[in-house]
Amino acid sequence: MTIPRGAVANYLATTQRRFPLSPEDRMLFSTTVAFDMANTELYLPFVAGSTMVVAGKDTVTDPSAVLALIRRHGVTAVQATPAFWQMLLMHDPHAAKGLRIIIGAEAVPVRLAETLARQAAEVFNMYGPTETVTWCTEARVEPGRGAPIGRPVGNTRVYVLDSRLCPVPRGVQGELYIAGAGMARGYQGRPELTAERFVACPFGPAGARMYRTGDLVRWNADGQLEYLERTDFQVKIRGFRIELGRSSTC
């Protein structure tokens, strides 16, 4: 993946506005750097002057060790996948109490979203493929509102389109396309795949491109995106994308 520095800068600037950290905050760093989700935990504390609390590889698989680390160091902000949160909550039903939370990289079960929203100081459900740096849409999770993936972050445009690249009405499912400042240039050394997934954008200036996600979504009555399913056989395990029938992951 070829991602310009400006795309990362845009992501960090927009995230800091929506999920601001201060020098008093402590953010847990529990994500492997091989995962694009780590961009938040790796760079946002440095941009904000916050403290990064690093969880070792043996700690992240042990819920009691993770919670002990969070409490010992006064962690205030945690980003993690739904699977990670379910692991913590199975160990301690009040694991999220008082924390500021970003959850993403997998579809969030409504029951989990409700549990987190009732406990945490605030919860954001984030969505975004690697091709858009990290997250490109966001939604504040609130009790009784489900788990939408929300609206686009700063300098990002999203389109829900049919097979003819025409926008679909609210409530009708379509494929999600993403454009804007956070988009990658393409796949390093793979021009055919780049041409297949990064297509001409009919809604922008000449030469503009948009990324075809392969995700089916719809606009709900509140004007937020709801994730439905994939258009292919791709699955996610702990946030990692896996193409069934292929030997590689991305």
Side-chain angles (χ1 to χ4, degrees), residues 1-15 17-18 35-37 39-40 102 104-108 124-139 148-220 222-236 239-243 246 249-250:
M1 192 75 62
T2 304
I3 297 176
R5 178 179 176 181
V8 178
N10 178 75
Y11 167 69
L12 293 172
T14 57
T15 302
R17 285 197 296 270
R18 187 62 168 158
F35 193 4
D36 66 338
M37 189 173 172
N39 289 330
T40 309
I102 293 174
E106 303 164 358
V108 180
F124 284 92
N125 183 18
M126 305 289 219
Y127 163 89
T130 303
E131 291 83 354
T132 60
V133 180
T134 305
W135 309 127
C136 63
T137 71
E138 62 184 11
I149 58 174
R151 301 181 179 91
V153 301
N155 300 313
T156 299
R157 301 182 303 279
V158 298
Y159 308 101
V160 184
L161 308 178
D162 62 19
S163 59
R164 298 174 297 172
L165 298 185
C166 295
V168 301
R170 181 174 294 185
V172 176
Q173 75 174 26
E175 186 170 355
L176 179 61
Y177 290 75
I178 304 166
M183 198 166 60
R185 293 196 177 109
Y187 303 102
Q188 183 70 31
R190 304 184 70 182
E192 296 84 5
L193 183 58
T194 296
E196 176 187 338
R197 306 304 297 190
F198 292 84
V199 299
C201 180
F203 311 103
R209 300 180 308 148
M210 57 185 182
Y211 172 66
R212 180 181 183 182
T213 67
D215 288 331
L216 291 178
V217 300
R218 67 185 173 202
W219 293 107
N220 67 15
D222 295 326
Q224 297 198 78
L225 290 171
E226 294 180 340
Y227 174 84
L228 301 174
E229 60 183 349
R230 289 288 302 173
T231 61
D232 53 24
F233 297 106
Q234 185 187 98
V235 297
K236 283 193 174 184
F240 287 92
R241 290 164 26 187
I242 299 174
E243 302 282 355
R246 298 185 182 181
T249 62
C250 61

Query raised in the report: Shortest non-hydrogen contact from Thr194 to Arg209?
Result: CG2-NH1, 4.3 Å
Requested in this report: With the side chain counted from C-beta on, respond yes when Val153 and Thr15 share a heavy-atom pair under 4.5 Å apart, and no when they do not.
Outcome: no
Query raised in the report: Between Ile178 and Pro129, which heavy-atom pair has the shortest distance, and what is it?
Result: CD1-CD, 4.0 Å
Query raised in the report: Is any side-chain heavy atom of Pro167 closer than 4.5 Å to a side-chain heavy atom of Phe203?
Result: yes
Query - Least distance between heavy atoms, Pro202 atom then Ala200 atom - result: CD-O, 3.4 Å
Query - Derivation of the side-chain contact (heavy atoms from CB on, under 4.5 Å) call for Val217 and Tyr127 - result: CA-CA 12 Å; Val217 300; Tyr127 163 89; 5.9 Å; no
Report task. Taking all non-hydrogen atoms of both residues into account, name the closest pair between Ala184 and Met1 and its distance. Result -> CB-SD, 3.9 Å
Requested in this report: Keeping the roles fixed (side chain from Asn10, backbone from Ala7), state whether a donor-acceptor pair exists under 3.5 Å.
Outcome: no
Query raised in the report: Is the shortest heavy-atom distance from the side chain of Val160 to the side chain of Leu225 under 4.5 Å?
Result: yes
Query raised in the report: Considering only heavy atoms from C-beta outward, does the side chain of Thr137 approach that of Tyr227 to under 4.5 Å?
Result: no
Query raised in the report: Less than 4.5 Å apart, any side-chain heavy atom of Trp219 and any of Val158?
Result: yes
Requested in this report: To the nearest 0.5 Å, tell me how far Tyr177 OH sits from Arg157 CZ.
Outcome: 15.0 Å
Query raised in the report: Counting distance only, does the side-chain N/O of Thr134 pair as donor-acceptor with the main-chain N or O of Asp36 below 3.5 Å?
Result: yes
Query raised in the report: Rounded to the nearest 0.5 Å, how far does CD of Glu138 lie from OG1 of Thr156?
Result: 9.5 Å
Query raised in the report: Can you list every salt bridge (charged side-chain N to carboxylate O under 4.0 Å, His left out) pair that touches residues 177-186, not counting sequence neighbours?
Result: none
**Report entry** Salt-bridge present (Glu131, Arg197; N to O < 4.0 Å)
**Finding:** no
**Report entry** Spacing of Thr130 atom OG1 and Tyr187 atom OH [to the nearest 0.5 Å]
**Finding:** 8.5 Å
Query raised in the report: Is it true that the side chains of Thr132 and Tyr11 contain a donor and an acceptor less than 3.5 Å apart?
Result: no
Query raised in the report: Only one of Arg230, Arg212, Arg218 forms a salt bridge (Lys or Arg N to Asp or Glu O under 4.0 Å) with Glu175, so which one is it?
Result: Arg212
Report summary line: Nearest heavy-atom contact between Leu161 and Val168 is C-CG1, 4.0 Å
Report task. Kindly give the heavy-atom pair with the smallest separation between Tyr159 and Met210, and that separation in Å. Result -> CD1-SD, 4.1 Å
Query raised in the report: Please walk me through it: do Ile3 and Val8 pass side-chain contact (heavy atoms from CB on, under 4.5 Å)?
Result: CA-CA 8 Å; Ile3 297 176; Val8 178; 4.0 Å; yes
Query raised in the report: Between atom CG of Leu176 and atom CG of Leu216, what is the distance when rounded to the nearest 0.5 Å?
Result: 9.5 Å
Report task. Mind checking side chain to side chain contact (heavy atoms under 4.5 Å, CB included) for Asn220 and listing every partner two or more places apart, or none if nothing turns up? Result -> Pro148, Asp222, Gln224, Glu226
